[in-house]
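Structure first, commentary second.
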Amino acid sequence: MAVYTTIDNPELYFQVELYSGTGSGLSATFDGDENMQPTLVWIKNRDTTDNHMLYDSVRGTGARVKPNLDQAEGDDESNGVSSFDSDGFTIGTKAAINTSGENCVAWCWKESADAGFDIVTYTGNGSARTISHSLSAVPKYYVVKQRNSTGGWIVYHVGNTSSPETDYLRGDKTDATVDDAIFNDTAPTSSVFSVGTNAPVNGSDDTYVTYLFAEKQGYSKFGSYSGNGSTDGPMIYLGFRPAMFLIKRTNATEQWEIVDNKRSVDNPVNDVLVPNGTDAEVAAATGNRIYCDFLANGVKLRGNASSANENGGTFIYMAFAEQPFVNSNGVPCNAR
């Protein structure tokens, strides 16, 4: 029998949560059918130009980094994410994530080798080296952030050129792909990833966090596509109905863009946030940022924005499932 997916219930490992701030302590409970205790919570205020905020259980509650900035790690103490709960998370009074009446979104993952997600912290030594991870699979995407000092979000992506280990992107910038030995020009393996001597990934005595993702059939997908400049854009086969879809043009200066199934509950999916900026949510038109449909088995681009579907443009994506196209019993999912 064909193997359609390794994960029948994506909500066990990834969920999108919408909430409205109260200005006081708030417990956000996931509204999915499955309970999930997150280990990574990425929050953005949808209504204002506040920074993105990212918290994880490995660095500890309150330890905050901002995906749109190269700032060092800060300590929000009890004002940020104060606990990672059995089916959600609790936050304090930090204005960027809990201003009364303002709407926020949280993208949440649970660390698990089964789901292809690992959080690794390490201290740099200034010499090219390998660092162990626990995926037991080759990571397709990972991002390194320096914690103790200013340092950008250094992104490895398997679809970023034909030799991705020789190039990198900045998650906090609009920059096109950079050719550099920041990953020591060495591809990751099922047990390690490599870093060079560059301070953003391996400065002597500097501290780092890395978020690594391997691909799991029917649950997650990391790839690339070429734009055609048409409102009848490419269809990107994922093998699942997506819950979240993130893109970046790699051959030009363009924004990172993210859409999901909770902010856009119907097609077209066009409620866009920008991970490298503070922009409030925008309901994009066809020629303004990503504009697409979420299908039972992937994404169909319906817009021709230069940031998402420029003719001849090259793009990378990261996607996580709401439901596999076909579950492990051979039962297909429904379209939206």
Identify the heavy atoms of [X] and [Y] that sit nearest to each other, and give their distance.
X: S224; Y: G159; value: CB-O, 3.8 Å
X: I258; Y: R263; value: O-NH2, 3.1 Å
X: M244; Y: F14; value: CB-CZ, 3.6 Å
X: M318; Y: F222; value: CG-CE2, 3.2 Å

(message) Among V58, V144, L54, exactly one meets side chain to side chain contact (heavy atoms under 4.5 Å, CB included) together with Y211. Which residue is that?
(response) L54

(request) Scan D50, I43, L26 and name whichever one has a side chain to side chain contact (heavy atoms under 4.5 Å, CB included) with I97. (result) I43

Atom pair [atom1]/[atom2] of [X] and [Y] - distance to nearest 0.5 Å:
X: N327; Y: I7; atom1: CG; atom2: CD1; result: 13.0 Å
X: Y122; Y: R129; atom1: OH; atom2: CZ; result: 7.0 Å
X: K248; Y: T174; atom1: NZ; atom2: OG1; result: 6.5 Å

(message) Does anything in residues 287-296 form a side-chain hydrogen bond (donor to acceptor under 3.5 Å, both in side chains)? List the pairs, not counting sequence neighbours.
(response) D279-R289, D293-R302

Using a strict cut-off of less than 4.0 Å between a Lys/Arg side-chain nitrogen and an Asp/Glu carboxylate oxygen, indicate whether [X] and [Y] qualify as a salt bridge.
X: K221; Y: E215; value: yes
X: D172; Y: K66; value: no
X: E73; Y: R64; value: no
X: D31; Y: K262; value: yes

(request) Sequence neighbours left out, what passes side chain to side chain contact (heavy atoms under 4.5 Å, CB included) with N184? Give chain and number order. (result) A128, T186, S194

(request) May I ask you to check whether F213 and Y156 place their ring centres under 6.0 Å from each other? (result) no

(message) Taking the ring of F84 and the ring of F89, is the distance between their centroids below 6.0 Å?
(response) no

(request) For the pair F245 and Y317, evaluate ring-ring contact (aromatic ring centres under 6.0 Å, His included) and give the outcome as yes or no after the intermediate values. (result) CA-CA 7 Å; F245 189 64; Y317 65 84; 5.6 Å; yes

(request) Decide side chain to side chain donor-acceptor pair (under 3.5 Å) for N148 and D206; before the verdict, give the C-alpha distance in whole Å, the side-chain angles of both, and the deciding distance to 0.1 Å. (result) CA-CA 6 Å; N148 65 312; D206 289 329; 2.9 Å; yes

(message) Classify the ring geometry of F183 against Y168: parallel below 30°, tilted from 30° to 60°, perpendicular beyond 60°.
(response) perpendicular

Just checking, is any N or O donor in the side chain of [X] or [Y] under 3.5 Å from an acceptor N or O on the other one?
X: N98; Y: T93; answer: no
X: N304; Y: S230; answer: no
X: T314; Y: T250; answer: yes
X: N329; Y: Y4; answer: no

(request) Output all residues satisfying salt bridge (Lys or Arg N to Asp or Glu O under 4.0 Å) with R46, sequence neighbours left out; order by chain, then residue number. (result) E281

